[in-house]
Amino acid sequence: MAFSTEVKQELCRRPAERRCCAQAEAYGVLLFCSAFHPRQARIVTECPGLKERLPALFWKGFRISFDQVPEPGEGKGAFLLEGPAKLKTVFDAFGLERDGAVSLHINLARLEDEHCRTAFLRGAFLAGGSVTDPMKGYHLELATSHYHVGRELPALLREAGFEPKETQRKGNRVVYFKHSDHIEDFLTFLGAPVAAMGVMAAKIERDLRGSVNRQVNCDSANLDKTVAAAREQLAAINRLEESGRLEALPDKLKEAARLRRENPELNLTQLGVLCDPAVSKSALNHRMRKLLELAAGSAEQTAARELGAERG
């Protein structure tokens, strides 16, 4: 089941205890559904919980039933209100103009109580909302085809303490949130605390995975550096041996050379522990640099001798 559907299923389990809240939730559904005008209200959904909730919601709020309901077992289905008397009851309940030339607005006077505002926003999300699976990203939106409703919704959300963003998409006004914290707060506000915890848990898991990946990448990079440095050191030791200078080195440098040859996979900290007595990473690094310098000098001398021989 998609995460959006899970959220809506959770919201649909909340009872509409007051008639005013049932009306407010239905108001949100109607302003964000597929079609709502003086001749028809058409609510399309595939959410099983919403299919069960809508008939009870409209009966409690307006004492009306739908003229058409989806067949049982259907995926996506439509609820229709087309009876003039039923539509008049709904429009009158919200003080909406039934003139087809008048654009719909959010009648804020009907949403003065906080519980009614919450119910309205819940209905808006149930009909026109969606939220991305938090394991894939953070995005929650509410979309409506009614221009003024889309412009007025952010003000209503700000009154409730939220700071949404707005955009226009394919003729619809879209209000959305992109931050996980904002989505968590909004879902909790609507009445879906379990879904909000799901967003929080997904965020923790994603952050943990990111941290592990960064650590693995860092460890891999450090390992690559250790391997490259060990190869360079071994090559220098071999040059010193070939030139006959290795055995003439001080005991500390010979010990460093021997340990590197015996333990090519170890880093300097680990090699330092094997020294007798043990030395720090910095001290062993100094010895390795000395071996590299001596090997470079030996290579220059060898090259000079070969050049002189060629000229001779």
Side-chain angles (χ1 to χ4, degrees), residues 3 131-140 165 176-185 195-312:
F3 186 70
V131 57
T132 302
D133 184 336
M135 290 304 298
K136 299 177 181 178
Y138 304 121
H139 183 87
L140 183 150
K165 298 181 182 298
Y176 64 96
F177 300 101
K178 295 293 289 185
H179 295 288
S180 62
D181 293 347
H182 298 168
I183 294 172
E184 291 167 22
D185 292 343
M197 288 296 293
V199 175
M200 186 181 302
K203 179 184 177 183
I204 292 171
E205 184 175 345
R206 290 182 70 188
D207 290 347
L208 181 59
R209 286 184 178 180
S211 176
V212 170
N213 288 336
R214 286 191 295 273
Q215 185 62 48
V216 169
N217 292 336
C218 180
D219 291 345
S220 178
N222 288 337
L223 180 60
D224 290 343
K225 290 179 182 178
T226 298
V227 170
R231 286 176 178 171
E232 185 180 8
Q233 291 157 9
L234 287 169
I237 293 167
N238 289 335
R239 287 197 300 271
L240 288 170
E241 185 176 45
E242 290 168 0
S243 67
R245 300 182 63 193
L246 184 61
E247 289 303 318
L249 295 178
D251 290 342
K252 291 181 179 180
L253 293 184
K254 284 196 292 184
E255 181 186 42
R258 176 179 61 79
L259 289 173
R260 173 48 77 200
R261 278 183 156 180
E262 294 175 354
N263 305 279
E265 77 285 358
L266 298 185
N267 59 38
L268 293 182
T269 300
Q270 294 165 327
L271 278 182
V273 174
L274 299 178
C275 290
D276 186 19
V279 298
S280 66
K281 175 183 176 181
S282 177
L284 193 58
N285 186 46
H286 175 75
R287 295 178 188 181
M288 291 297 179
R289 283 205 309 269
K290 188 64 177 177
L291 288 172
L292 292 172
E293 291 171 3
L294 291 171
S298 176
E300 290 175 2
Q301 291 175 7
T302 300
R305 285 197 301 271
E306 290 176 353
L307 182 59
E310 289 177 1
R311 289 178 177 174

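Below, each value reflects all heavy atoms present in this structure, side chains not excepted, and no hydrogens, waters or symmetry copies. All of these numbers come straight from a predicted model, not from anything done at the bench.
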Quick one: pull up CZ in Arg239 and CG in Leu292 and give me the separation to the nearest 0.5 Å. 7.5 Å

Work out which heavy atom in Gly198 is nearest to a heavy atom in Pro134; give both atom names and the distance. O-CG, 4.1 Å

Nearest heavy-atom pair of Leu234 and Pro264: which atoms, and what distance? CD1-CB, 3.9 Å

Approximate separation, where rounding is to 0.5 Å, of Lys290 NZ and Leu249 CG: 10.0 Å

From Leu284 CG over to Asn267 CG, what is the distance, rounded to the nearest 0.5 angstrom? 9.5 Å

For residues 268-289, pull every pair meeting side chain to side chain donor-acceptor pair (under 3.5 Å), keeping only residues two or more places apart or in separate chains. none

Under the salt bridge (Lys or Arg N to Asp or Glu O under 4.0 Å) test, residues paired with Glu241 that sit two or more places apart: Arg261

For the student: nearest non-hydrogen atoms of Ala278 and Val273, plus distance: CB-O, 3.9 Å

According to salt bridge (Lys or Arg N to Asp or Glu O under 4.0 Å), who are the partners of Glu265, at least two apart in sequence or on a separate chain? none

Rounded to the nearest 0.5 Å, how far does CD of Gln233 lie from OG1 of Thr226? 9.5 Å

What one should report as the nearest heavy-atom pair of Met288 and Ala256 is CE-O, 3.6 Å

Can you tell if the side chain of Tyr138 reaches within under 4.5 Å of the side chain of Lys178, non-hydrogen atoms only? no

Name all residues meeting the salt bridge (Lys or Arg N to Asp or Glu O under 4.0 Å) criterion together with Glu205; count only those two or more places apart in sequence or in a different chain, and write none if there are none. Arg209

Any side-chain heavy atom of Val279 within less than 4.5 Å of one from Lys252? no

Listed by chain and number, what are the ring-ring contact (aromatic ring centres under 6.0 Å, His included) partners of Phe3, not counting sequence neighbours? none

Sorted by chain and residue number, the salt bridge (Lys or Arg N to Asp or Glu O under 4.0 Å) partners of Asp181 (sequence neighbours excluded) come out as Lys203

Any chance you could measure Leu253, atom CG, to Leu240, atom CG, to the nearest 0.5 Å? 9.0 Å

Between the main-chain N or O of Leu266 and the side-chain N or O of Arg260, is there a donor-acceptor pair closer than 3.5 Å? yes

Using 30° and 60° as the class limits, which term best fits the ring planes of Tyr176 and His139: parallel, tilted or perpendicular? parallel

